[in-house]
Amino acid sequence: MVVFSNMANEEKKHVYDESKIKTLSSLEHIRARTGMYIGRTGNGSHYDDGIYVLLKEVVDNAIDEFIMGHGKKVEITIEEDTVNVRDYGRGIPLGKVVECVSRINTGAKYNDDVFQFSVGLNGVGTKAVNALSSYFVARSHRDGQFVEARFNRGVLDEEEKGIAKTEDNGTFISFSPDPEIFKVYKFREDHIERRLRFYSYLNAGLTLIFNGKKIVSEGGLLDLIADESEFEKVYEPFHYRDKMLEIAFTHTNRFSEDYYSFVNGQYTSDGGTHLSAFREGLLKAVNEYSDGKFDGDDVREGILGAIAIRLKEPIFESQTKNKLGNTEIRADLVADIKKAIVEMLHRNRPEADRLIEKIKDSQRLRKELQDVKKLARERSKAVSIRVPQLKDCKQHFSKEKGTHDDTMIFITEGQSAAGSIVSCRDVNRQAIYTLKGKPLNVWDLKRDALYKNVELYNLMRSLNIEDSAADLRYGHVILATDADVDGLHIRNLMITFFLRFFEPLVRDGHLKILETPLFRARNKKETLYCYSEKERDDALEKLGRSAEVTRFKGLGEISPGEFKAFIGKEMRLTSVVVDEDHSIPEVLTFYMGKNTQERRTYIMENLVVDEEIL
């Protein structure tokens with residue numbers, strides 16, 4: 001009876017009537033449901049974080065002006081948290097400046113006479129930037145006159161009109177992302193530069209100036225593929241371009257497929273109809289040219305490709321425009337791509353022969369790998385139906401569903417370190433995988449190494465990334481090693497493992513390093529944990545020179561009671577970030593390859609000795 005009474009009380013507390021119905025203004029809706037308009041908010045560390053989407057929405061408008069033949073230069077500057085974008089297009093009509101940047105569903109891009117191939121279709125983009133900025137200014141220059149509107153979190157503060165005869169036509173936008181929405185954030189210049197390079201690849205003749213640095217491209221997608229494959233292309237990239245379609249591709253010795261897809265100048269990071277058409281058209285073209293029956297996996301392994309299309313009425317799956325959904329164009333697009341690639345292969349037979357030879361190598365290795373996979377799976381079943389080194393958690397990450405991205409797996413060295421974490425972990429979100437000593441250096445090895453080495457095979461199974469890094473079971477893959485020479489070596493070997501075979505996992509921001517304290521300083525009243533020698537010195541100054549200092553040599557020396565704080569809310573993680581991913585092979589070949597003598601010479605010539613130790 002008590003249960004029913006409680007239920008009745010709950011029903012009285014949560015009354016659903018007319019008073020619970022709310023109608024939000026467009027401004028209120030954007031601020032309340034930020035994710036619908038810009039995706040993730042983030043802190044600026046990830047390429048797709050919201051602050052970069054705000055910048056993209058503003059730059060998109062400038063690019064649309066260029067596409068329509070107005071203005072060949074766009075200037076972008078960032079000063080601390082304020083972004084400034086100046087284009088030299090036609091400028092917003094002076095009587096509509098306030099409406100165009102604040103009233104949703106307002107704009108000229110519904111009119112094909114003004115914008116034929118615009119990426120901005122919904123009249124939302126700049127309005128969202130305005131609504132999500134603590135400071136926003138829009139100024140339009142037209143024929144010696146200007147109108148400037150200043151806003152605070154989407155609300156108009158002031159509008160000014162005047163004469164500026166020396167100013168060229170165009171639009172100036174300045175904004176600061178609102179800390180109420182984005183909390184703590186920081187713009188990363190490499191993320192911004194990468195976005196701007198994409199614009200330059202797609203718009204030959206456009207000059208982008210970012211903080212004084214000029215970004216320009218004349219070769220289009222050919223420049224993109226040449227830059228990204230600089231150190232590892234198997235053959236010279238193929239390139240095709242007409243008014244509506246552009247493609248470029250080459251092969252590398254990577255084990256992944258890497259693509260860049262664009263619609264009307266918009267980078268579609270999740271692909272869509274045009275990307276699937278490119279993948280199918282490539283397969284059909286290769287088989288027609290070679291008169292063969294290659295599988296898609298063989299043709300596409302190691303592919304580095306790019307496709308850009310122009311489309312009058314693109315349909316995107318969200319306001320962030322990451323994925324194209326126009327399925328009606330697929331059949332014609334596949335045919336156009338197939339025809340273009342077949343013609344290119346016939347025109348350049350030497351490079352085409354290198355392409356076919358690469359595909360045959362992939363085919364041969366895949367067949368060899370099938371036997372190795374079979375043996376590895378039989379061996380693992382004979383030992384255990386479970387992975388013995390894995391202490392799993394109850395919840396698991398799903399990229400497709402967008403669930404449990406706060407789950408994590410700690411990759412630790414040895415039982416003592418794992419024991420400390422096991423005793424204090426959150427069993428719902430935190431899993432542990434224990435390495436048995438130093439893992440294999442896989443940089444010079446082929447994919448069969450994953451199946452011949454039990455430890456790496458079990459790790460791959462635990463993460464569920466055998467078929468694709470997109471199937472990852474944990475939102476964060478955390479390397480938890482000792483802060484000594486051996487621990488750093490193990491960390492480097494694991495980073496090499498992921499970059500060699502599962503590079504998308506790293507590029508998507510899943511791989512992290514757990515930072516644990518090097519010292520504990522304490523007196524009778526207070527205990528402080530220090531992550532550097534400077535923090536240790538500051539702690540001693542605070543606690544007094546008589547304080548006891550302990551140097552942690554390994555994770556196993558930290559008690560479970562202490563360790564709980566280091567993997568809880570105050571956990572310090574450092575992301576493994578790839579700034580210039582096309583240089584990965586060159587860097588890792590030097591540091592992790594078989595050039596022992598060359599590396600030893602480099603170390604001896606660049607060795608720095610700490611005088612305090614002496």
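Positions are given from 1 along the sequence.
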For the rings on Phe397 and His510, is their centre-to-centre separation under 6.0 Å? yes
Using side chain to side chain contact (heavy atoms under 4.5 Å, CB included), reason through Val83 and Phe187 one step at a time and then give a plain yes or no. CA-CA 10 Å; Val83 180; Phe187 284 99; 3.5 Å; yes
Mind listing the closest non-hydrogen atom pair of Lys358 and Asn253 along with its distance? NZ-OD1, 3.8 Å
Here's one to test your reading of the geometry: is the NZ or CZ of Arg195 within 45 degrees of the ring axis of Tyr47 and under 6.0 Å from its centre? yes
For side chain to side chain contact (heavy atoms under 4.5 Å, CB included), just list the numbers for Val59 and Tyr199, CA-CA rounded to whole Å, side-chain angles, deciding distance to a tenth of an Å, and then say yes or no. CA-CA 9 Å; Val59 175; Tyr199 285 119; 3.5 Å; yes
Closest non-hydrogen contact found for Arg86 with Asn169 is NH1-O, 3.5 Å
In terms of side-chain heavy atoms, does Thr171 have a donor or acceptor partner in Asn61 at a distance below 3.5 Å? no
Taking it one step at a time, do Leu208 and Lys214 satisfy side chain to side chain contact (heavy atoms under 4.5 Å, CB included)? CA-CA 6 Å; Leu208 295 153; Lys214 186 181 291 186; over 6 Å; no
Rounded to the nearest 0.5 Å, how far apart are CD of Glu503 and CG of Asp508? 10.5 Å
Regarding Glu246 and His239, do their side chains bring together a donor and an acceptor under 3.5 Å, going by distance alone? yes
Side chain to side chain, Arg188 and Asp49, heavy atoms closer than 4.5 Å: no
Would a 4.5 Å heavy-atom cut-off, applied to side chains only, mark Arg90 and Arg142 as touching? yes
Give a yes or no on whether Glu328 atom CD has more than 12 heavy-atom contacts from other residues, nucleotides or ligands under 6.0 Å away. yes
Between Arg507 and Asp258, is there a side-chain N and carboxylate O pair less than 4.0 Å apart? yes
Can you confirm whether or not the ring centre of Phe238 sits under 6.0 Å from the ring centre of Phe249? yes
Should the ring pair Phe262 and Tyr267 be called parallel, tilted or perpendicular, given that the plane angle runs from 0 to 90° and is split at 30 and 60? tilted
Mind checking whether Ile309 and Leu324 have side chains closer than 4.5 Å, heavy atoms only? yes
Correct closest heavy-atom pair for Arg366 and Asp298 would be NE-OD1, 2.6 Å
Would you check if there is a donor-acceptor pair between the side chains of Tyr235 and His251 at a distance under 3.5 Å? yes
If we ignore hydrogens and angles and just use 3.5 Å, is the side chain of Lys323 paired with the main-chain N or O of Phe316 as donor and acceptor? no
Checking side-chain polar atoms at under 3.5 Å, does His274 have a donor or acceptor matched by the opposite partner on Thr268? yes
I'd like to know if Arg40 pairs up with Asp48 as an ion pair, taking the criterion as any Lys NZ or Arg NE/NH1/NH2 lying under 4.0 Å from an Asp or Glu carboxylate oxygen. no
So do the side chains of Ile337 and Leu245 get within less than 4.5 Å of each other, counting heavy atoms only? yes
Verify side chain to side chain contact (heavy atoms under 4.5 Å, CB included) between Phe501 and Met460, making sure each step is shown before the conclusion. CA-CA 10 Å; Phe501 296 117; Met460 179 175 66; over 6 Å; no
Going by distance alone, is a donor N or O of one side chain under 3.5 Å from an acceptor N or O of the other, for Glu228 and Tyr260? yes
What distance separates Lys284 NZ from Ile341 CD1, expressed to the nearest 0.5 Å? 12.0 Å
Taking NZ, NE, NH1 and NH2 as the nitrogens, is one of them in Glu351 or Arg354 under 4.0 Å from a carboxylate oxygen of the other? yes
Polar side chain donor-acceptor pair, Ser134 to Ser176, under 3.5 angstrom: no
As an exercise, state the distance from NE2 of His191 to OG of Ser45, rounded to the nearest 0.5 Å. 6.5 Å
Does the side chain of Tyr88 pick up a donor-acceptor pair with the side chain of Glu65 at under 3.5 Å? no
Hey, could you give me the CG/CG distance between Leu499 and Leu511, rounded to the nearest 0.5 Å? 7.5 Å
A side-chain contact here means heavy atoms from C-beta on lying under 4.5 Å apart; do Lys183 and Asn43 qualify? no
Between Asn326 and Ile315 (side chain of the first, backbone of the second, donor and acceptor by atom type, cut-off under 3.5 Å), is there such a pair? yes
For the student: nearest non-hydrogen atoms of Phe294 and Leu283, plus distance: O-CD1, 3.5 Å
Shortest non-hydrogen pair, Asn211 vs Ile78, comes out as OD1-N, 2.9 Å
Are the aromatic rings of His141 and Phe172 close, with centres under 6.0 Å apart? no
Do the non-hydrogen side-chain atoms of Ile356 and Val286 ever get within less than 4.5 Å of each other? yes
Between Arg150 and Glu160 (salt bridge meaning N to carboxylate O under 4.0 Å), is one present in this structure? yes
Can you tell me how far CG of Asp87 sits from CG of Asp168, rounded to the nearest 0.5 angstrom? 11.0 Å
I'd like to check Tyr185 versus Pro177 (side-chain heavy atoms, cut-off strictly below 4.5 Å). Are they in contact? yes
Do you know the tightest heavy-atom contact between Ile225 and Leu304? CD1-O, 3.7 Å
So, taking the atom named CZ in Arg300 and the one named CD in Glu257, what distance separates them when rounded to the nearest 0.5 Å? 5.5 Å
Taking the side chain as C-beta and beyond, is there a heavy-atom pair between Gln145 and Val147 under 4.5 Å? no
